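Any value given below was found using the heavy atoms of this structure, including those in side chains, with hydrogens, waters and symmetry copies removed. Whatever order the structure lists them in is the order used to number ligands and atoms, beginning at 1. From a predicted model like this one, the values you see are computed outputs, not experimental measurements.
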Amino acid sequence: MSKKLAVMLSGRGSNFVAIAETIASGALQGCHIDVVLSDKPDAPGLEEARRRGIDTMVCARRQYASKQEWEQAMIDGLQARNVDFIILAGFMRILGEGFINAFPRRILNIHPSLLPSFIGLDAQQQALDYGVRYSGCTVHFVTNDLDAGPIIVQKVVPVLPADDAAALSRRILEQEHVAYSEAIALVVAGKYEIQGRRVLLK
Ligand code: GAR
């Protein structure tokens with residue numbers, strides 16, 4: 001049976017669009033996007049979902065009295081749909097243990113650096129400030145430690161002398177759009193085993 005993906009985003013949604021187009025092209029099989037959930041009612045990614053006829057859900061943090069109630073609303077919404085995997089694609093709030101533990105080893109995130117370097121916000125600027133010659137992106141399972149879960153796919157890009165954060169971000173983003181579908185294909189096919197920190201591919 002086709003696995004159900006829930007994509008969670010806060011903004012533009014270019015990773016969501018890349019995944020949706022890869023599925024539509026037939027290059028990513030065995031899954032479909034069941035719902036796009038955002039914490040931002042005006043996220044452009046939600047509009048992209050509606051245009052594609054994909055269901056959307058909005059859970060804005062400010063609608064709930066506490067972080068726990070906000071997370072519970074999202075858990076309830078996603079569990080009611082029986083989603084198989086949760087794909088964080090530019091979801092810019094840190095999820096707590098309650099949420100993460102509700103979907104063990106079933107939440108994926110993409111981060112615009114070669115983890116474990118440059119966790120958190122503005123990873124591309126952090127890479128420039130540090131002076132690394134290569135950066136890239138990482139798709140990993142989400143655990144309770146920020147940006148530190150088992151790594152599924154990484155892609156490397158050079159950092160060029162003339163780069164500013166925007167130029168480096170664009171180069172990394174191109175690779176993000178390839179990396180995420182590759183990682184989803186692996187997990188959907190179940191072709192992996194997690195041993196400690198390591199994702200062993202079968
Ligand atoms: C992407 O570059 C993604 O790696 C980053 O936000 C951007 C979302 O772009 N995520 C993080 O920095 C998470 N810490 P998109 O909305 O166009 O997919």
Test salt bridge (charged side-chain N to carboxylate O under 4.0 Å, His left out) applied to R81 and D34, step by step: CA-CA 8 Å; R81 303 184 75 103; D34 183 62; 2.6 Å; yes
Taking 4.0 angstrom as the limit, do [X] and [Y] come out as a salt bridge?
X: R170; Y: E174; answer: no
X: E21; Y: R52; answer: yes
X: R50; Y: D55; answer: no

Identity of the nearest option to atom 1 (C) of ligand 1, non-hydrogen atoms only, from E176, H177, R170: E176
Heavy-atom nearest neighbour in the protein, as seen from [atom], with distance rounded to 0.1 Å:
atom: atom 8 (C) of ligand 1; answer: G90 CA, 3.6 Å
atom: atom 9 (O) of ligand 1; answer: R12 NH2, 3.0 Å
atom: atom 14 (N) of ligand 1; answer: H111 ND1, 3.5 Å
atom: atom 5 (C) of ligand 1; answer: P112 CD, 3.9 Å

Proximity flag I110 to ligand 1, non-hydrogen atoms under 4.0 Å: yes
Is the shortest N/O to N/O distance between [X] and ligand 1 below 3.5 Å?
X: G13; value: yes
X: S14; value: yes
X: Q124; value: no

Identified side chain to side chain contact (heavy atoms under 4.5 Å, CB included) partner of S181 from the options I19, N15, L186: I19
Ring-face cation contact, W70 with R93, 6.0 Å cut, 45° max: yes
side-chain contact (heavy atoms from CB on, under 4.5 Å) evaluation trace for H140 with L108: CA-CA 6 Å; H140 63 95; L108 277 62; over 6 Å; no
